[in-house]
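Chain identifiers are assigned alphabetically (A, B, ...) following the order of the sequence lines, protein sequences preceding nucleic acid strands; residue numbering begins at 1 within each chain. Computed over heavy atoms, backbone and side chain alike; hydrogens, waters and symmetry mates excluded. The model shown is predicted, which means the values in this text are computed figures rather than measured ones.
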There are 4 protein chains.
Amino acid sequence: MIRVGVLGATGYAGAELVRILAGHPGVELTAVYSRQYAGVPFTDIYPSLSGVTDLVCEELSIESACGKADVVFMALPHKLPMELVPVCIRKGVKVIDLSADFRLRDAQVYEAHYQQHTAPDLLAKAVYGLSEINTERIRTADLVANPGCYPTSVLLPLAPLLKANLIDVESIIVDSKSGVSGAGRSPSLTVHFCEVNESLKPYKVATHRHNPEMEEHAGAIAGRPVKITFAPHLVPVTRGMLSTIYTRPIVKIDEDDIQRCIEDFYGGRSFIRRLGRKRMPDMLHVRGSNYCDIGFTLDKSRGCLILASAIDNLIKGAAGQAVQNMNIMLGLDERTGLAMTPFPI
Amino acid sequence: MIRVGVLGATGYAGAELVRILAGHPGVELTAVYSRQYAGVPFTDIYPSLSGVTDLVCEELSIESACGKADVVFMALPHKLPMELVPVCIRKGVKVIDLSADFRLRDAQVYEAHYQQHTAPDLLAKAVYGLSEINTERIRTADLVANPGCYPTSVLLPLAPLLKANLIDVESIIVDSKSGVSGAGRSPSLTVHFCEVNESLKPYKVATHRHNPEMEEHAGAIAGRPVKITFAPHLVPVTRGMLSTIYTRPIVKIDEDDIQRCIEDFYGGRSFIRRLGRKRMPDMLHVRGSNYCDIGFTLDKSRGCLILASAIDNLIKGAAGQAVQNMNIMLGLDERTGLAMTPFPI
Amino acid sequence: MIRVGVLGATGYAGAELVRILAGHPGVELTAVYSRQYAGVPFTDIYPSLSGVTDLVCEELSIESACGKADVVFMALPHKLPMELVPVCIRKGVKVIDLSADFRLRDAQVYEAHYQQHTAPDLLAKAVYGLSEINTERIRTADLVANPGCYPTSVLLPLAPLLKANLIDVESIIVDSKSGVSGAGRSPSLTVHFCEVNESLKPYKVATHRHNPEMEEHAGAIAGRPVKITFAPHLVPVTRGMLSTIYTRPIVKIDEDDIQRCIEDFYGGRSFIRRLGRKRMPDMLHVRGSNYCDIGFTLDKSRGCLILASAIDNLIKGAAGQAVQNMNIMLGLDERTGLAMTPFPI
Amino acid sequence: MIRVGVLGATGYAGAELVRILAGHPGVELTAVYSRQYAGVPFTDIYPSLSGVTDLVCEELSIESACGKADVVFMALPHKLPMELVPVCIRKGVKVIDLSADFRLRDAQVYEAHYQQHTAPDLLAKAVYGLSEINTERIRTADLVANPGCYPTSVLLPLAPLLKANLIDVESIIVDSKSGVSGAGRSPSLTVHFCEVNESLKPYKVATHRHNPEMEEHAGAIAGRPVKITFAPHLVPVTRGMLSTIYTRPIVKIDEDDIQRCIEDFYGGRSFIRRLGRKRMPDMLHVRGSNYCDIGFTLDKSRGCLILASAIDNLIKGAAGQAVQNMNIMLGLDERTGLAMTPFPI
C-alpha cells in the first residue's frame, strides 16, 4: 500500500486532505504534521472527524515525512515548501504542493508577487496540477504544484475556448466570488463572523497573487499571452467559489458551437459537469464534491460570451484536486476516494 | 440484489434517500415517485445530484412501487401512508415510513394530534425505528415507523438514563433548535430566506406533534409515564438539530456515573459518538453524517443534569436512520452505505 | 401637513416605505393599502414595527388613496400601476411609482420586456427618479418612476464617467450581486432558505428586465447609446446590492483624474459616499441606510477601470430613494426622514 | 450641553455607543478612546459610520476623559474599569460601566468568578443599571453598572413573576441563544466565520460568569435566593439574543393572570413590548432597536410556564441600555436618542 503524509494538516485544506486520504482505498495515511498542534490528536482539533483517524499531529519534519510516506502533501503557507521540497526530491519522495511556490514557471514573476525563490531549479521540474489539462505530464511528475482555487475555477471553463482560439485574449474579465474558508483558518478581523455575515465586497482587485498565475497558465493553454482583469469578492458562505467570466468571441459562433467546443474538450472527464447553454452553475450544487460545474450564456447583441464555473474551493480548489493528481501519478482511476456527491441542499 | 423504491422522492428527506440509496452497495434503487414531478428526470429537480442517478420521477402508484421494489420508503406527508401501507403489507413488501402515521401505539393519541386513523390494526405491527434502541424488533419488522427528527435527538441521549432510572421523569425539559430543512421544501413565508436569516424563535411551544411521540417512546424505555416540556426553535442553518435537555437526577450521581451509564448503553454502536463530560456537541460537527453526538454537564449545586445531542435532521433525523433501519431489516451491517464523514467545517 | 399613502404596503419595499414615512417629520402617513391583507392591522403582519403605526391595511382602492393622500406611493407589481396612475394624475395627486411601468421612455421597449402599455401617453410626463441625476426635473414632476435597484447601483457610479466621456460605451460589463429581499416577499423555491443559504448563482444573464432600463438611462446621461452586458447574481444576504462594473477608458487617465471626476460630479450630495481610489465598497457598510458607496480601481496594465457600488436594495434601491424623491418634489431637504446610519456591524 | 466620552470605543459595544451618542440630541460626544487605535479617525475603523463623527481615537486616559466629559461610558474588558472608575468618582464625573466590575454587590462572589477586586468600597455605591427595574436608584446614581446581555434578557421577563411570587425560585432553567457579536470584536477561532456558520452549540453550561449575576439580581427582585440553571448557546447571527425560560408556577394561575402580572409591572415602559399569551418573540423583530420583546406559553398539563424574551444584545443588551440609563440619570425622557425602529426584515 502506498503511504502518504500531510504537512500542515490542521489548516482547512490540510484537514480536507486528512478526511479524504483517511477514506481513500488505495493509500494509507501514515502521518500528519502540524506546526501549531504537535502532540495533539488530530480529532481533538477537528471533533467532526472523530472516528476517521487516530493519528496524532507530529512536529513538522521533512525527514520524518520522507521516512513515513511515499507521497507527501504540503498544505503549508508559501515560502516553507520551497525549502522542504528539495529534500523530498533528493530522497525520491513524490510531492504535491498546495502552495504557490512551484506554480509559476518564471522565478522572476514569482519573486515580484511573493519573495525570493530559493529553489528556482525545481521550477522546470514542477508540473502545474490542473488535473484535466495536464493529465499526461502529471502522470510522470515527481513534483506537482497544485493550482490555486481561483485559477482552477477560471482556467477550467476558459481552456476549451482558449485552445480553440475562439475568444479575444486581450479583454478577458473575471469576477470571482469566494467562500470564507479560502482565507484559511487563522483568526483575523477579515474572517470574523460579524464582519463577513451580511457582507459582500471586492478585495485585492487587479492585485491578487492568483492573477499572474491564471494569466501564465491561460497563456500556456492558448499558446500566446493572455490578459485577465481579475476582481475577487468575499461572500458569506463557508465553502464554494463561483467565477463569472466575460469574454469577446473573435469568430462568428453560436451557442451550439460553444457547447460542442466544451463538450469535445472534456468528453470523458467525470469531474467536469457541463450544464449546457443558458444553464448557469450554482455554488451550492458542487458543495462537498470534486466537481467543477460549467455553464455559459451568449449575449449576442452585445458581443459577449459569459462563462461561469462553480467549485468547492476546498475540494476541487485544493484538497480534492490534490488527491486527483495523486491518483493520476499513481496510475489509479482519477476518481478513487473522491466519489463525494453534493447534498441535495 | 434487493430492489428499493422511494415514494415522495423530491422532498428534502426523499432526495436524501435517493442520494444515499443510489450509492448503497447492497441495494438497487429501481424507482422514484413524486406527486408533483411525474415525468421529470430526478436530477432536473436536484442538479446537485447530477450523475448520481438517471431515474425519472414516476406518478405516485403503490401498485407500481410494490412491483418494482422489495422495500419501499415513504417520504410523504402523514395521512397518505396509512392508505398505502396496507397494500404493501398485503403484497409482502417491506415498508419504512418516514411519516407520523405509524409512530404512536395508541390510535387515540394519533387522532388527537393528526386526524382519524384508517389503518389502526397495523399500529401494533409497526416497529418504532429508533435504530439503536429497537434493533432486535426492527430486524424482523415488516413495517418500520421511522422516528421524527426531534424525538430522535431527544430519545437517544435520554435513553440510558431513563433505562437506568437515574432521573425524575416528571420534570424533563427539552429546548430544541432545528435547521430550516426540517420544515420541508414547500415554499412558505416561514421558510423565506428573509424571514429566517438573522432570526431565531420558538414555535409551537408545548403543542408540537413530536411532543406526544417523544413522551410515548420515552415512557416505553423508562417503563413508566414520562412528562416532557418541549420547546422547538427555528434557527438560520440549513441542516442540523441540537437538543438541550434539562433533567433532575433522583439518585446521588457524579459525572463518572453518567458517563459510564451512557457508555455501557451504547458500547458497540458506531453512530453514537459519546463526547464525555463537559464536552457539549455542535450541530456543525455532525452535518452530513448519520452520527448523533451526545455530551452532558452536571450542574451539581443546582441539582440539574444537562444533556445535549446533535444530529443532522435530514440524515440521522430522517433518511439516514431510515437506511440504517433497512440495513438492520436486511441483515446487513447497519453502517452500509452510511459511511459519510462530516466535513472539517 | 402633506398626507401620504402607500399602495402595496405589505411587500418588503412597501413595508420599508411605511417604516420610513411613519417616522418622517414632514408628512403624515394616512393610509396603507394591501391586496392580500385588507382589514389586518399593519403591525400584525410586521410585528417588528409594532409601535410605529396603528394603521389597518385597506382594500386596494385608488379612489380612496386619492382622497386620503396628496402623494401616493405605489409599491405594486408592474401592470397594476399603469392602470392606477392615470386616475391620480387626473385628480392632481402626485405619484411615486416603484414599478417598472413608467421607467422606460419608449413604449415599444417596455412592451418587448413586459406587456402592452395601457398608458403610453404618460411616459413622456414621467420623470426617472434617479435622485442625484434628475434632481431638477424631479422637483416639478407629478409622476416619478422610481428606478430599479440594479439600475440605481449601476448608474450612480457610471454617471460621472459617462457624462465626462471618459469610457468606452460599447463594452461596459456589470456583475451585480443582490440580497434576497430584492426577490420580494412572495414565497417560492427561489427564496426558500435552504436553496439560498450557502448558495450563489448568476440568473437571467443578459435577459434581465433591468438591462434595457440601465442602458436607456446610461444613454441619456452619456448623450449616445450605451451597451451594458449585465449578469445579476443572487447572494445569501437579506439586504444589500453590490455592483462591480468593468469599463475601458478611452482617454489617458490616472486615478487622480477619476477621483476628481466623481468628486466634482457628486460634490454636495450627501447620500453618495465617495471612498476614493482603491477603497472598494462593502454591502454591509450601507445596510439600513440610503447611502450609495462608490469606489474604484484602475487596472492600468490591462486597460480596465473597475468601479464598484454598494447600496441597500430596499432603501436607496427602492423605498429610501422614493422618499428622497418625495422630499425633492415637496421642496424639503432631500435628507428629511432618511437620517439612517448603518450599524457598525 | 452635557458632554460625554467613550472609553473602549472601537469594540462592538463601544462603536454602538458612538453611533447612538453621535446622534443623541441631548448630549455632545466629545471624545473617544481606544487602546488599539489611538490616532486613527474613528470612521477609518468603522467605514459604515462615515459621516457620523469626525472624532479621532485618543490614547486611553482617564484624566483626559474626565476633563472632556461630564459622563463617561466604559466599554472595556473587566479589571480595567475598577482601576479607572475611582478617578471619575473623585472628580465628580458620572460613569456608566459596561463591564462586570461593579455588577455584583458582593466582592467575594466577584472574586470567585473574575479576579481580586481593587475598589470594593465602590460596590455599594454602584447601581445595577437594569433600566426598567432600578429606575429610581439610577436617577441619582454616580456609578451605574450596566447589566450583562444575558442577565438583561433573563431578568426582564422574570421580574414581574418573581416580584409577584408566582414561581418556584429553586428550579428556574434558562436556555439562551446569543448572536456572535456578543463575543466581541477580537479575532479568535470561536468567532471565525467558518466555525460559526451552520453551527450551533452550548458553551460554558452552568459555568458562565453571567450566571451568578442573574441569580443575585433575580434574588434582589424576589426578596429571597433564586437558583437559575443557565445554558448559553452560540448561534450564527450577528446580533440578537433570545432566552427561553422554564419555570414552575407555585400557585394556580392561568394565562390571563400571567398576562396581567406582566402588563401591570411594565405598564408605562415603552421599551418592553408585551406580546401576550402564546405569541413568542423573534430575535429578528428587535434587531437594531432598544426593545425587549416578551412572550409566554403555559404548559398546564406539565406544570411549566415558558417565558421567552428577545433583545438586540448590542443595544438593549449593552449600548442602548447604557444610553437609556444616561437619559434617566440626566432627567431626560428615557427614549431620547433611542428611537430606533427595527427593520421589517
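Counting heavy-atom pairs closer than 4.5 Å to chain B, the top residue among D:Arg248, D:His285, D:Lys300 is D:Arg248. For chain D, the option among B:Val196, B:Leu298, B:Thr207, B:Leu200 with the highest count of heavy-atom pairs below 4.5 Å is B:Leu200. Put simply, of D:Gly240, D:Pro344, D:Ala310, D:Pro281, the one with the most heavy-atom pairs under 4.5 Å next to chain B is D:Pro281. Between chain D and the residues B:Met283, B:Lys201, B:Met280, B:Arg302, the most heavy-atom pairs under 4.5 angstrom are made by B:Arg302. Ranked by heavy-atom pairs under 4.5 Å with chain B, the first of D:Ala206, D:Pro202, D:Cys304 is D:Pro202.
Residues of residues 229-238 of chain B lying under 4.5 angstrom from chain D, judged on non-hydrogen atoms, are B:Thr229, B:Ala231, B:His233, B:Val235, B:Pro236, B:Val237, B:Thr238 in numerical order.
Interatomic distance, CG of D:Asn211 versus CG of B:Asp299, reported as 7.0 Å (0.5 Å rounding). B:Ile345 contributes atom CD1, which lies 10.0 Å from atom CZ of D:Phe193 (distance to the nearest 0.5 angstrom). Atoms OG and CG, on B:Ser199 and D:Leu284 in that order, are 5.0 Å from each other to the nearest 0.5 Å.
Taking the charged nitrogens against the carboxylate oxygens, D:Glu198 and B:Arg239 have no contact shorter than 4.0 Å, which rules out a salt bridge.
In D:Arg277, the CZ atom is crowded: over 12 heavy atoms of neighbouring residues, nucleotides or ligands sit closer than 6.0 Å.
Interface remark: B:Ser171 contributes backbone and side-chain atoms alike to the contact with chain D (heavy atom separation under 4.5 Å). B:Ile306 touches chain D through its side chain: at least one heavy atom from C-beta onward sits under 4.5 Å away, while N, CA, C and O do not.
Nearest heavy-atom pair, B:Asp175 versus D:Lys177, reported as atom, atom and distance to 0.1 Å: OD2-NZ, 2.9 Å.
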